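Convention: sequence-line order gives letters A, B, ...; per-chain numbering from 1. This one's a predicted model, so the numbers in the text were calculated from it and none came from an experiment.
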Protein chains: 2
Amino acid sequence: MESSGCSICLLKSEVVKDLDTSELNTLGKSCVEAVFKKGETIFKQNALSSNIIYLQTGLVKLMIEGPQRIQILRLKKAPCYLGLPTTMGDKINNYSAVAIEPVSACFIDINVFKNLLRINPDFSYEIIIELCKNELKQFHRCVKLVQNEIYGRLAGNLLYFADEIYQSQEYKLPLSRSEIADMVCTSRETVSRILNSLAKDGIISISGKQIKILNKSLLEKISEKG
Amino acid sequence: MESSGCSICLLKSEVVKDLDTSELNTLGKSCVEAVFKKGETIFKQNALSSNIIYLQTGLVKLMIEGPQRIQILRLKKAPCYLGLPTTMGDKINNYSAVAIEPVSACFIDINVFKNLLRINPDFSYEIIIELCKNELKQFHRCVKLVQNEIYGRLAGNLLYFADEIYQSQEYKLPLSRSEIADMVCTSRETVSRILNSLAKDGIISISGKQIKILNKSLLEKISEKG
DNA sequence: ATAAAAATATGATGTTTATCACATTTTTAA
DNA sequence: TTAAAAATGTGATAAACATCATATTTTTAT
């Protein structure tokens, strides 16, 4: 199905504001929209990467096969690009993307995307800035993951959901206990134990997947100190 | 001290081959060379970032303050750019760079660099590719660091030195045991123990900082399986 | 060359957290 | 609505590794 509405939806994006109308039309002609249900794979690790994906709505988890188990690298929330590093950096996807909420996305052919970069330096520049910011965030995420104990790692992720995904101190966890374990690299059981322990201490309240942060400053302290 | 030799030294770089002579001259006029001894800081975390640095010769460690301790993110070997993500991605350095071998480097003003990106789309494109490749590598490094046990992490780093830094199965460790601990996120003592254990098993030989990989396939197996 | 400082080695002990085992709750599908 | 499947909770045990305590070796500076 072909989309001619790129100029409408893409203009919302920070990065795409640098494209002019004719450029957006080029994009529109080679842009294919698709929707994904929760749990569906958008692209798969080790498959050939030939598209840049613009995530219009929804929430996605990026997963990579580690030496021991699957690791959830991060979540990606619309609107944003999906698969930039893996499509531009390698022929083959270095990680998978799976919808964890209903997703609508636009598949842009890699050659069309590359051409946009070539004809529009401002667009290139914005992409460079975005890549740099992502790398910095990735450094910080990695260091926290490696150095903190599980209490701190889990606390950090609860704050990440609140501040960066939902912009609310009360939210429904987008992941199961087992997926959270894949994100903070621990066992399913330990996630249960620590969530319940944080609730017992009055720092959060839990009811199934519903989470409410009650004592944010303490949660931040746990996240920072380990 | 002003350098007019950019066109000579920079042309060796993959990325810079896309600049033409007049662009290289612009670069040369605003380029300041500097040398650093082992142990000297090239740029410091939390300081204002206003330069892109082209590393001409030498070896550098990138260090970031974690919640518990200093973490060595990776080494950077000349010729390459230094500080791209932190200079383009934030006003302030998100990590430090310290010479671990004598270094000569060229400091390029950020505005001059940005202008080069703007006037030369091929150059932008190469930078984008480099950033993407770096991010993919960082993903893999992070997952190994988080999931593997120390044997695997240390084995991985011995291979990293051999294959990516020295291109030789025999080399002098560029870091102390304590710095290696900062790289694989363990204690100084554990690094000692495991290096000696690998030597006792005949997988490597050690004499001070001199390392020789004797059984590479086994070391690779340890690195991959944990 | 020699003393002082730094780096490295190695054993003993304790903590964190994984794993196993099983119970309970929630969700899904017929 | 009910049975089956999936997700979650919780205790007991075990393993990996940090930390502490010294001892020894190597490097540095005079």
**Report entry** Atom pair distance, as rounded to whole Å: CG in B:Leu195 and P in D:dT25
**Finding:** 18 Å
**Report entry** Distance in angstrom units between A:Leu145 CG and C:dT17 P, rounded
**Finding:** 12 Å
**Report entry** Side-chain ion pair, A:Arg74 and A:Glu164, N-O less than 4.0 Å
**Finding:** no
Query raised in the report: Reckon A:Arg177 has a side-chain N or O less than 4.0 Å from the OP1 or OP2 of D:dG9?
Result: yes
Query raised in the report: For A:Glu135 and B:Gln138, does a side-chain donor sit closer than 3.5 Å to a side-chain acceptor?
Result: no
Query raised in the report: Does B:Arg193 get its side chain close enough to the base of D:dT19, under 3.5 Å, for a donor-acceptor pair?
Result: yes
Query raised in the report: Under 3.5 Å, is there a donor-acceptor pair between the side chain of B:Asn215 and the main chain of B:Ile213?
Result: no
**Report entry** Upstream residue (5' side of DNA chain D) when B:Arg188 and A:Ser176 are each assigned their closest nucleotide
**Finding:** A:Ser176
Report task. Figure out the NZ/P separation between A:Lys200 and D:dG9, and round it to whole Å. Result -> 12 Å
**Report entry** Selected nucleotide, minimal atom distance to A:Asn196 side chain, candidates D:dA16, D:dG9, C:dT17
**Finding:** D:dG9
Report task. Pick base, sugar-phosphate or nothing for A:Ser187, based on heavy-atom distances below 4.0 Å to the nucleic acid. Result -> base
Requested in this report: Step through the shown structure and confirm whether more than 12 heavy atoms of other residues, nucleotides or ligands are within 6.0 Å of NZ on A:Lys77.
Outcome: yes
Requested in this report: Give the rounded distance in Å between these two atoms: NZ of A:Lys172 and P of C:dT26.
Outcome: 14 Å
Query raised in the report: Please give, in whole Å, the distance from C:dT16 P to B:Gln68 CD?
Result: 12 Å
Requested in this report: Would you mind reading off the distance between B:Ile206 atom CD1 and D:dT26 atom P, rounded to a whole angstrom?
Outcome: 13 Å
Query raised in the report: Can you tell me if the side-chain N/O atoms of A:Ser178 get under 4.0 Å from OP1 or OP2 in D:dT8?
Result: no
Query raised in the report: OP1 or OP2 of D:dT10 sitting under 4.0 Å from any side-chain N/O of A:Ser192?
Result: no
Requested in this report: Kindly indicate whether the side chain of B:Glu189 and the base of D:dC17 share any N or O donor-acceptor pair separated by less than 3.5 Å?
Outcome: no
**Report entry** Nearest-Å distance for atom pair CD1/P, residues B:Ile194 and C:dG11
**Finding:** 14 Å
Requested in this report: Please check the phosphate of D:dA7 (OP1 and OP2 only) for any side-chain N or O of A:Lys209 closer than 4.0 Å.
Outcome: no
Requested in this report: Using the side-chain contact (heavy atoms from CB on, under 4.5 Å) rule, pick out the option among A:Ile70, A:Val191, A:Leu75 that qualifies with A:Met183.
Outcome: A:Leu75
Query - Integer-rounded Å distance: D:dT26 P and B:Leu173 CG - result: 15 Å
